[in-house]
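The block underneath contains the structure these notes are about, expressed in C-alpha cells.
By convention in this document, chain letters (A, B, ...) are assigned in the order of the sequence lines, proteins followed by strands, and residues within each chain are numbered from 1. Atom set for the values below is all heavy atoms of this structure, side chains included, hydrogens, waters and symmetry mates excluded.
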Number of protein chains: 2
Amino acid sequence: MENNPSYDTILSQIGCKNTKSRKIIIEVLTKTEVPLSAEEIFLNVKESGSSTNLSTVYRTLDLLESKGMLDKYIMSDGRARYKLALEGHKHHITCINCYKSIPINTCPIESLEKDLVNTTDFNITGHKLEVYGLCPKCRKGE
Amino acid sequence: MENNPSYDTILSQIGCKNTKSRKIIIEVLTKTEVPLSAEEIFLNVKESGSSTNLSTVYRTLDLLESKGMLDKYIMSDGRARYKLALEGHKHHITCINCYKSIPINTCPIESLEKDLVNTTDFNITGHKLEVYGLCPKCRKGE
DNA sequence: CTGTCTGCAAAACGTTTGCATGGCG
DNA sequence: CGCCATGCAAACGTTTTGCAGACAG
C-alpha cells in the first residue's frame, strides 16, 4: 500500500491516530464501488498483503461512521455493508446479485417530506431510500 | 383468541395448515400498528394466554413473508420487524423511538424508476423507502 | 395415515466486548 | 511517556437448524 498522505489528513482531521490498519481500511474502501461487508473488507486487507483483525475492522468502521465519513447499509440478509460517504451521494441503486451500487443524484423525498410533516405530524429526522435491481453484467449472466 | 374464520381462509388460501400457533401469530399481527420483532410477537402470544415457541414464530414469519403476506423491515439495530402487508401500503414513516409506523400513500419512486432505467441500465426489481422521525407522542416525552 | 408443523436444544451467524499488549504522537 | 488502538478469545443476541414427536387434513 502506498502511503497516501490524504488518508493521514483525513484521520488527523477527525482527531484519530494514524494507524496502519486504518489507512489500509480506508484505502480498500476508496477502491471499491461496491459497498463491502466487514468481512469482505477484512479479506481485502489481507489480500493486499497487510494483516489486521476483524475486530479492528469493525471498530474502524464504527469510528468512520460516527464521524460521518461512512454510510452503513443494512441489507435484506441482515448483514451490514459500508461505503465511503462522498459528497451528495445520498442514495444508491444496488445490484441484488453482486452488490455493485451506483449513486442516484436526485432525491425524490425532499419534497415528500414537507407533505409528511403536515399530514402525519411526525418530526422527520431522516429517510432511507434504496433501489434494487440487476446490473447489466448480472442480468447477462443469468 | 377468537376463532376468526378469515385466518383459516388466509392460511388455506396459501396452502398451509391451519394451526393454532399460526392463527395466534396472525392475530397478533393484525392487532398492531407497530411493526413487531419476532420476540415481541412471541411475548404477545404468551400474554394472550397461548403458548408457542420462538422457532415457530420465526418459521411462521418466514412462511408469511414468502407468501407476500408480510413485510420484513430490518431496522438500523440489525433486528428485523414485521408487519402485515395490507393492500397498497408500500412505505411507512416510522418513529425512531417507539417504532409506531404509519403508511405513506404516495410513492415518489415510481416516476424516478423510469429515469433510472435509462440512466443506469439496471433492471429494477424493487425499492425500499423508509422515512424516520419522532411521532407526536415521543416528541413530547423528551 | 401421511406429510406437515411444532418444541426443544444446540449451532450458526454477524457483531461486540474485556483485557493485556503494542505503538502513535 | 501516556493514552489510544490493536489482537485475541470469549460473550453476545438474533436467527437458523436437526431431530423426534404431535397434529391437521
[X] [atom1] - [N] [atom2] separation (whole Å):
X       : N      : atom1 : atom2 : result
B:Arg22 : C:dC5  : CZ    : C1'   : 6 Å
B:Asn18 : D:dA22 : CG    : P     : 21 Å
B:Ile74 : C:dC13 : CD1   : P     : 17 Å
A:Lys17 : D:dC3  : NZ    : P     : 10 Å
B:Leu63 : D:dT16 : CG    : C1'   : 16 Å
B:Leu54 : D:dG13 : CG    : P     : 14 Å
B:Met75 : D:dT15 : CE    : P     : 12 Å

Just call it for [X]: base, sugar-phosphate, or nothing, with non-hydrogen atoms closer than 4.0 Å on any strand.
X       : answer
B:Arg59 : base
B:Thr52 : sugar-phosphate
A:Ser37 : nothing

Next item on the list: May I ask you to evaluate whether B:Thr19 reaches the phosphate of C:dT6, defined as a side-chain N or O under 4.0 Å from OP1 or OP2?
Entry: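 Result: yes.
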Checklist line | 5' priority, DNA chain D, between A:Asn53 and B:Arg79 [closest heavy atom] | finding: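 Nearest nucleotide further toward 5': that of A:Asn53.
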Next item on the list: With DNA chain D as reference, determine whether A:Ser55 or A:Cys16 sits nearer its 5' end, using the nearest nucleotide of each.
Entry: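 First, find each residue's nearest nucleotide; the 5'-ward one identifies A:Cys16.
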